[in-house]
Amino acid sequence: MDEFTSIAYWTSGRQPLEWQRERGVEQGIGDDAAVITLPAVTCGLTADAHMVLAVDTMVEHVHFNSITMADEDIGYKALACNVSDIAAMGAIPLHALVAISVPKSYDVDRIRRLYDGIYACADKYGVAIIGGDTTSAPSHLTISVTVTGAVEAGRALKRSGARPGDALFVTGPIGMSAAGLHLLQHAGEAEQSGYSRLIAAHQRPAPSVRAGRLLLQSGACTSLNDSSDGLASEVWEIAEASGVRLLIDEQALPKSGSMAAYAARAGVPPLDWMLYGGEDYILTGTVTGEDAAEVREAFLREGLPFYVIGQVKTGDPGVELLLSDEGFGQSQHSGAARGGRGSRRTILIEKRGYNHFSTVNG
Ligand SMILES: Nc1ncnc2c1ncn2[C@@H]1O[C@H](COP(=O)(O)OP(=O)(O)OP(=O)(O)O)[C@@H](O)[C@H]1O
Ligand SMILES: Cc1ncc(C[n+]2csc(CCOP(=O)(O)O)c2C)c(N)n1
Ligand SMILES: [Mg+2]
Ligand SMILES: [Mg+2]
Ligand SMILES: [Mg+2]
């Protein structure tokens, strides 16, 4: 099958034209470029919309390999992590362009399965696939997705608005994806079958679009980020962008039971996965202190998790961790310990996490 027949095989007839038109698509796949209208009505916004744009890339042997991800999972996750960046702005995802570079080891049917995953995610989050690019590649598969979204003009949630007195939160448990990756890389099939939620967290992350919208609508959210590189790295980004110091209470971090159980079996301190693992695609950010309880109630009413994990303080930009007694000394995180005997101690945590150009954890 040649390049053009392959593209049609992967994409044609997947999303009804009418459904795409509802998302403002005037011209989708099939011309030199896509053409989009972005009036508020196409995205259900009441005010004039601003357009939100993001791109993220996944590379074989960096983000996935044949042991960790099925072809469908690669497509699903490539779109999901982009949708997560749109969610992290408080926006509604609308469109995606998919660029893919394919080595000979992937035949058209493998890529068709990858597109099954892309379209499964697209349907779940209401994203119209409107174009892309296809090339051959010498050895490894690369997939790069560009997404658009819409948000009420002037209201996008940035990393830079955290202020002393705000509450620091996460919208879901952390460390599950890293535990799932460890399982896929180190455990046998029998053991893996007992931890299907951890494996699903790694292969099929669930971007927090509804949570992002709730946070925007609350009017109380002062900063927001999604967690791709690990909580420590993401909250550091908020601290730096906002010029504040953040304090995380270790005891308040939401720990999934299966993650903790597998960490114990694997001999890994769970805090390492929770702080430095990454790829959970939960949202982390800050809300004004006086509104935290109300925001939590709003999340509860929607059946969504919301955990206050700390607070914003004055001081040099940085992140502190208030250690729970049991956690102290178990993790490999480093930092200067403070506080006296008998009291819980606070350490500074490094801006460490997944970093493509660092030798640590990479
Ligand atoms: N090669 C590049 N050229 C221009 N801007 C870039 C490039 N790479 C990243 N950026 C920009 O840098 C900022 C941070 O990008 P980054 O990829 O770290 O964010 P993210 O997508 O939230 O994180 P992750 O890639 O871990 O999911 C964004 O504004 C992004 O557009
Ligand atoms: C086979 C394999 N080895 C390691 C990892 C871990 N990993 C890769 S990229 C990344 C951060 C997010 O990427 P980005 O910053 O590019 O969005 C993480 C935690 C994996 N997923 N698969
Ligand atoms: Mg990125
Ligand atoms: Mg992001
Ligand atoms: Mg991203």
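Counting starts at 1 for both ligands and their atoms, in listed order.
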Does an N or O from Asp56, backbone or side chain, lie closer than 3.5 Å to an N or O of ligand 1? yes

Output the atom name for the N/O/S atom of Asp226 with the smallest distance to the Mg ion (ligand 4). OD1

Under 4.0 Å, heavy atoms only, figure out whether ligand 1 is touched by the backbone of [X], its side chain, both or neither.
{"X": "Arg159", "result": "side chain"}
{"X": "Val55", "result": "neither"}
{"X": "Asp85", "result": "side chain"}

Can [X] and [Y] be counted as having a side-chain donor-acceptor contact under 3.5 angstrom?
{"X": "Ser101", "Y": "Thr135", "value": "yes"}
{"X": "Ser177", "Y": "Asp280", "value": "no"}
{"X": "Glu72", "Y": "Tyr119", "value": "no"}

Give a yes or no on whether [atom] lies under 4.0 Å from any heavy atom of the protein.
{"atom": "atom 21 (O) of ligand 1", "value": "yes"}
{"atom": "atom 15 (O) of ligand 1", "value": "no"}
{"atom": "atom 18 (O) of ligand 1", "value": "no"}
{"atom": "atom 5 (N) of ligand 1", "value": "no"}
{"atom": "atom 24 (P) of ligand 1", "value": "yes"}

With a distance cut-off below 6.0 Å to the six-membered ring centre and an angular limit of 45° from the axis, does Arg296 pair with Phe306 as a cation-pi contact?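 Geometry flag: not set, cation outside 6.0 Å or 45°.
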
Can you tell me if Glu279 uses its side chain to pair, donor with acceptor, with the backbone of Ala178 under 3.5 Å? no

With no hydrogens and no angle check, is any side-chain donor or acceptor of Arg155 less than 3.5 Å from a backbone partner on Val151? no

Tell me which protein heavy atom sits closest to atom 27 (O) of ligand 1, plus the residue, atom name and distance to 0.1 Å.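 For atom 27 (O) of ligand 1, the nearest protein heavy atom comes out as Ser228 OG, 3.0 Å.
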
Quick test of your reading of the model: are Arg14 and Asp123 salt-bridged, counting only N-O distances below 4.0 Å? no

So, Glu26 and Arg21, do they make that salt bridge, N to O below 4.0 Å?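 Looking at Arg21 together with Glu26, the answer is no, because their closest N to O distance does not fall below 4.0 Å.
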
The Mg ion (ligand 4) to nearest N/O/S of Asp85 less than 2.8 Å: yes

May I ask you to check if any N/O/S atom from Asp56 comes under 2.8 Å of the Mg ion (ligand 4)?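 No, outside the cut-off.
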
Does the ring centre of His356 sit less than 6.0 Å away from the ring centre of His63? yes

If the cut-off is 4.0 Å to any non-hydrogen atom of Asp229, which atoms of ligand 1 fall inside it?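 Checking each atom against Asp229, I get 26 (O).
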
